[in-house]
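Notes to accompany the following structure.
Predicted model only: the values in this text are computed from it and were never measured.
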Amino acid sequence: MDKIKECAGNFAKLCDISYKFIVSFRRKTLEINLNFQETDFFHLAGLQYLSNLAIPRNRKTTLYNILEADRISDSFLQKSKYYDNPNSEIDIKSRISELRFLEDYLDTDNLIKIFSVKDDIYLKSKIDAEYIIESKLKDSHTSVYIFLARRKEDVEHYCVKSFFVKKDIVYGGNALYWMYKEKICQSRSVVLYKHENFELKEYKRD
């Protein structure tokens, strides 16, 4: 299967999933409710950088164009000179390859790092994000950055604003502590992590 098709298929499944993250900073707890929408995928996959390809810009149809209409494939994306650029942070090939495992990067029981970048002093990027998650899967040498931002149209939820493989540039900020991580799949939920000293009733919304 094409990597872009596998990536899109896995992301489509995430649209039925949400996460509740509760983190701690300076003895205050903050809640991050993360969800996914089909329109998020175009930007996450980095398709906006492949400017020399005739990729439909309607983000509502991106998953359809990949999964059903077969208008976007690996061979099509490879025609762009911007697609395979391993020495750049904007390497769409590696981004799509790892984005296939976004759910795994969020689910991992490794204690992944999370940072607050509200003060913007550590963020060497123009990405408008409030949090950065740095994650690595077990038995893997690849780390990724997952940028989270509050949805403008739904301030109660966050979205994944950007995603890419960690290379030469290091991103960070104020280090936060994981207190609780829950995955909600429609009517059921799974607690992925809970700090031994944390009680769910303690948290305050960000």
Practice item. Start with the C-alpha gap between Phe25 and Phe115, add the side-chain angles, then the distance that decides, and say whether side-chain contact (heavy atoms from CB on, under 4.5 Å) holds. Key: CA-CA 10 Å; Phe25 180 62; Phe115 305 95; over 6 Å; no

Review point. Given the rule in the side chain to side chain donor-acceptor pair (under 3.5 Å) test, do Arg27 and Ser24 qualify, once you have shown the distances and angles that lead to the verdict?
Key: CA-CA 6 Å; Arg27 298 186 178 181; Ser24 175; over 6 Å; no

Review point. Going from CG on Asp70 to OH on Tyr64, what distance comes out if it is rounded to the nearest 0.5 angstrom?
Key: 9.5 Å

**Study point:** Exercise: identify the closest heavy-atom pair between Arg57 and Gln48
**Key:** NH2-O, 4.2 Å

Review point. Considering only heavy atoms from C-beta outward, does the side chain of Trp178 approach that of Phe21 to under 4.5 Å?
Key: yes

Point to revise | From Glu98 atom CD to Ser135 atom OG, the distance as rounded to the nearest 0.5 Å | key: 10.5 Å

Point to revise | Derivation and outcome, side-chain contact (heavy atoms from CB on, under 4.5 Å), residues Tyr19 and Leu106 | key: CA-CA 9 Å; Tyr19 290 86; Leu106 292 171; 3.8 Å; yes

Exercise for review: Would you kindly confirm whether Tyr158 and Ile184 end up in one hydrophobic cluster when ILVMFWY residues are joined by side chain heavy atoms under 4.5 Å apart?
Suggested key: no

Check your understanding: Does any N or O in the side chain of Lys5 come within less than 3.5 Å of the main-chain N or O of Gly9, such that one atom is a donor and the other an acceptor?
Key -> no

Point to revise | CZ on Phe41 to CG on Leu14, rounded to 0.5 Å | key: 10.5 Å

Practice item. Enter the distance from Asp40:CG to Leu44:CG here, rounded to the nearest 0.5 Å. Key: 6.0 Å

Practice item. Run the salt-bridge test on Lys183 and Glu103 with the 4.0 Å N-O cut-off and return the result as yes or no. Key: yes

Check your understanding: Which is it for Ile132 and Ile146 under the side-chain contact (heavy atoms from CB on, under 4.5 Å) test, yes or no, and what are the steps along the way?
Key -> CA-CA 6 Å; Ile132 304 173; Ile146 304 168; over 6 Å; no

Check your understanding: Should Ile17 and Phe101 be counted in the same cluster of Ile, Leu, Val, Met, Phe, Trp and Tyr side chains packed under 4.5 Å apart?
Key -> yes

Point to revise | Nearest heavy-atom neighbours spanning Val170 and Tyr145 | key: CA-OH, 3.5 Å

Practice item. Test side-chain contact (heavy atoms from CB on, under 4.5 Å) on Val191 and Tyr193 and set out the steps. Key: CA-CA 6 Å; Val191 176; Tyr193 175 76; 5.9 Å; no

Review point. Ring pair (Phe, Tyr, Trp, His ring centres under 6.0 Å) between Tyr49 and Tyr82: does it pass, once the steps are laid out?
Key: CA-CA 7 Å; Tyr49 293 112; Tyr82 305 111; 8.9 Å; no

Exercise for review: For residues Ala45 and Ile96, report the shortest heavy-atom separation together with the two atoms involved.
Suggested key: O-CG1, 3.7 Å

Point to revise | Test item: Leu53 and Leu77 side chains (from C-beta on) under 4.5 Å apart, heavy atoms | key: yes

Exercise for review: Assess whether atom NZ of Lys3 is packed by more than 12 heavy atoms of other residues, nucleotides or ligands within 6.0 Å.
Suggested key: no

**Study point:** Sub-4.5 Å side-chain heavy-atom contact between Lys166 and Lys136
**Key:** no

Point to revise | Worked check of side chain to side chain donor-acceptor pair (under 3.5 Å) between Tyr83 and Asp91 | key: CA-CA 6 Å; Tyr83 176 72; Asp91 179 16; over 6 Å; no

Point to revise | Inter-residue atom distance Cys15.SG - Asn10.CG, 0.5 Å rounding | key: 11.5 Å

**Study point:** Donor-acceptor pair, side chain of Asp2 and main chain of Asp74, under 3.5 angstrom
**Key:** yes

Check your understanding: Does Lys93 reach the main-chain N or O of Asn85 with its side chain, forming a donor-acceptor pair under 3.5 Å?
Key -> no

**Study point:** Heavy-atom closest pair, residues Ile66 and Ile4
**Key:** CG2-O, 3.7 Å

Practice item. Compare all side-chain heavy atoms of Ile133 with those of Tyr105 and state whether any distance is below 4.5 angstrom. Key: no

Point to revise | Residues, nucleotides or ligands: over 12 heavy atoms within 6.0 Å of Glu38 CD | key: no

Review point. Taking side chain as C-beta onward, heavy atoms only, is Arg95 less than 4.5 Å from Ser162?
Key: yes

Review point. Is Ile72 close to Ile55 at the side-chain level, that is, under 4.5 Å between some pair of heavy atoms?
Key: yes

Check your understanding: Less than 4.5 Å apart, any side-chain heavy atom of Lys181 and any of Lys20?
Key -> no

Study note, to complete from the structure: Heavy atoms of Asp84 and Pro86 approach each other most closely as OD1-CD, 3.4 Å

Check your understanding: Linking I/L/V/M/F/W/Y whenever their side-chain heavy atoms sit closer than 4.5 Å, directly or via other members, would Tyr131 and Val155 fall into one cluster?
Key -> no

Review point. For the atom pair CD (Glu31) and CD (Glu156), what is the distance rounded to the nearest 0.5 Å?
Key: 8.5 Å

Practice item. Compare every heavy atom of Thr142 with every heavy atom of Val165, then report the nearest pair and how far apart it is. Key: CG1-CG2, 3.9 Å

Review point. Stepwise, does the side chain to side chain donor-acceptor pair (under 3.5 Å) test hold for Glu182 with Tyr180?
Key: CA-CA 7 Å; Glu182 180 182 3; Tyr180 184 81; 3.1 Å; yes

Review point. Are there more than 12 heavy atoms of other residues, nucleotides or ligands under 6.0 Å from atom CZ of Arg188?
Key: no

Review point. Are any non-hydrogen side-chain atoms of Asn52 and Lys81 less than 4.5 angstrom apart?
Key: yes

Practice item. Start with the C-alpha distance between Asn35 and Gln37, add both sets of side-chain angles, then the distance that settles side chain to side chain donor-acceptor pair (under 3.5 Å), and finish with yes or no. Key: CA-CA 7 Å; Asn35 66 7; Gln37 297 178 4; 4.8 Å; no

Point to revise | Cluster overlap Leu99 with Met1, hydrophobic side-chain contacts below 4.5 Å | key: no

